[in-house]
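If you read the sequence from its start, that first residue is 1, and numbering goes on from there. FYI, side chains are in, hydrogens and waters are out, and symmetry mates aren't considered; it's all heavy atoms of this structure. Remember, it's a predicted structure, so these values are computed and weren't measured experimentally.
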Amino acid sequence: MYELATEYEIWQYLLAGVILLGSSLLQAVIGFGAGGFGIPLLLMSGFDHRVAIPIIVMTSMTQSLIGSVRLRKHSQWKMAWRPALIRISIIPLGGFLLVLVGRMGAQYVRQAIGGVLLLIVFIKWRIKVEPTHELPTFWIWVAFPISGILLGFCGMGGPAVALWVMAQPWSAIRSRAFLFNMLVTGMVPLTIQLIILFKTQALLGLMIGAAGLPLIFLGTWLGISTGDKLPRKQLNTASLIVLTLIAISAILTPLLTG
């Protein structure tokens with residue numbers, strides 16, 4: 001573990017702290033984006049994907065636990081258990097794909113994650129979901145397997161669930177409670193999978209994320225306290241633009257640097 005930790009410079013650990021702060025702030029303000037913001041930036045900072053993904057998993061796990069506790073009166077476990085099981089059962093497939101791409105080379109992992117992020121941004125930007133009182137059960141078998149694959153591959157399983165929730169005739173607080181519950185159920189098995197697949201690298205990433213917990217708490221507090229005071233539509237637009245630039249950079253940088 002010590003030898004692996006010494007492969008990274010002090011500036012990289014400091015930059016990881018800044019990225020954790022930004023990821024948690026963005027997630028708290030707009031409800032998504034921790035993985036999309038943090039993982040590509042950590043990869044571009046020189047972190048191996050086997051370390052970078054667990055670092056951001058700690059952010060998502062912490063925020064989902066905080067959200068689930070705060071909204072425990074609105075929890076919907078009776079309704080959430082089947083989608084959660086579907087999602088969890090598919091996570092290993094995403095992990096298998098990550099291992100396959102990782103064997104091709106680190107630059108391919110960076111480009112693949114950049115491509116996934118670009119697709120997520122496009123879907124968020126273009127698809128408008130209207131609530132319906134009777135959403136067909138079929139969509140559970142579309143949204144949650146996709147979420148499980150993306151969660152296992154790059155830790156970005158939230159957007160597919162968010163689109164499904166947007167189609168439900170729920171209040172904002174009930175929707176948030178369901179999302180937090182789903183995040184909690186996904187992050188624990190994802191963490192176990194990362195440790196099984198990547199062992200020491202995953203443990204180092206989780207330790208870096210744990211060391212950055214004060215920054216995660218600070219970013220969460222700043223996001224919650226300022227998010228409601230800022231125009232939501234403009235915030236979402238600005239966030240999508242930032243995520244788009246990060247995705248394009250993650251895809252093109254390996255090509256431009258040869």
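When atom types are taken as modelled, the side chain of Tyr13 and the backbone of Ala5 share a donor-acceptor pair closer than 3.5 angstrom. Under a 3.5 Å cut-off, the side chain of Arg110 and the backbone N or O of Leu43 do form a donor-acceptor pair. Between the side chain of Gln201 and the main chain of Asp48, no donor-acceptor pair closer than 3.5 Å is present. When atom types are taken as modelled, the side chain of Gln12 and the backbone of Glu9 share a donor-acceptor pair closer than 3.5 angstrom.
In the hydrophobic clustering of ILVMFWY residues, with side-chain heavy atoms under 4.5 Å counting as a link, Leu85 and Phe178 come out apart. Using a 4.5 Å cut-off between side-chain heavy atoms of Ile, Leu, Val, Met, Phe, Trp and Tyr, with links allowed through other members, Val116 and Phe122 fall into different hydrophobic clusters. Each of Leu14 and Phe37 belongs to its own hydrophobic cluster when Ile, Leu, Val, Met, Phe, Trp and Tyr are linked at side-chain heavy-atom distances under 4.5 angstrom. Under the 4.5 Å side-chain contact rule for hydrophobic residues, Ile195 and Val188 do not share a cluster. Hydrophobic clustering (side-chain heavy atoms under 4.5 Å, transitive across Ile, Leu, Val, Met, Phe, Trp, Tyr) keeps Ile192 apart from Ile91.
For residues 84-105, the side chain to side chain donor-acceptor pair (under 3.5 Å) pairs, not counting sequence neighbours, are Arg87-Ser147.
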#### Entry: Full working for side chain to side chain contact (heavy atoms under 4.5 Å, CB included) between Leu20 and Ile56
CA-CA 7 Å; Leu20 279 173; Ile56 298 301; 4.2 Å; yes
### Message
One pair to check against side chain to side chain contact (heavy atoms under 4.5 Å, CB included): Ile19 and Ser45. What are the steps and the verdict?
### Response
CA-CA 10 Å; Ile19 293 171; Ser45 301; 3.9 Å; yes
### Query
Can Met182 and Val165 be said to form a side chain to side chain contact (heavy atoms under 4.5 Å, CB included), step by step?
CA-CA 11 Å; Met182 201 57 53; Val165 169; over 6 Å; no
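Put simply, the side chain of Phe153 reaches to within 4.5 Å of the side chain of Val101, judged on heavy atoms. Residues Ile140 and Arg82 are in side-chain contact: their nearest non-hydrogen atoms beyond the backbone lie under 4.5 Å apart. Contact annotation: the side chain of Thr191 never approaches that of Pro54 to less than 4.5 Å [non-hydrogen atoms, C-beta and beyond]. Side-chain atoms of Val51 and Tyr8, non-hydrogen and from C-beta on, do get closer than 4.5 Å to each other. Contact annotation: the side chain of Leu204 never approaches that of Thr200 to less than 4.5 Å [non-hydrogen atoms, C-beta and beyond]. Residues Val142 and Trp139 meet the side-chain proximity criterion, which asks for heavy atoms closer than 4.5 Å. The closest side-chain heavy-atom distance from Ile251 to Leu117 is not below 4.5 Å. Between Leu98 and Cys154 there is no side-chain heavy-atom pair separated by less than 4.5 Å.
Distance check: Arg50 CZ to Leu203 CG gives 13.0 Å after rounding to the nearest 0.5 Å. Here Ser23 contributes atom OG and Leu42 contributes atom CG; the two are 7.0 Å apart, rounded to the nearest 0.5 Å. Expressed to the nearest 0.5 Å, how far OG1 of Thr185 lies from CD1 of Ile88 amounts to 5.0 Å. A distance of 9.5 Å separates OG1 of Thr59 from CD1 of Ile39, quoted to the nearest 0.5 Å. Atom-to-atom distance recorded for Ile53:CD1 and Leu206:CG is 11.5 Å, nearest 0.5 angstrom. Taken to the nearest 0.5 Å, the CD1 atom of Ile149 stands 4.5 Å off from the CG atom of Leu93.
Shown here for Met61 and Met187, the closest heavy-atom pair between the two residues is CE-O, 3.7 Å. Nearest approach of Ile196 to Lys199, heavy atoms of both residues: O-NZ, 3.1 Å. Between Ala16 and Ile208, the shortest heavy-atom contact is CB-CG2, 4.4 Å. Between Ala160 and Ala143 the shortest heavy-atom distance is CB-O, 3.6 Å. Scanning all heavy atoms of the two residues, the minimum distance from Pro40 to Met156 falls at CD-CE, 4.4 Å. For Gly209 against Ile216, the heavy-atom pair with the smallest separation is O-CD1, 3.9 Å.
More than 12 heavy atoms of other residues, nucleotides or ligands lie within 6.0 Å of CE in Met44, so this atom counts as buried by the packing criterion.
With 3.5 Å as the limit, one finds a donor-acceptor pair spanning the side chains of Thr220 and Gln63.
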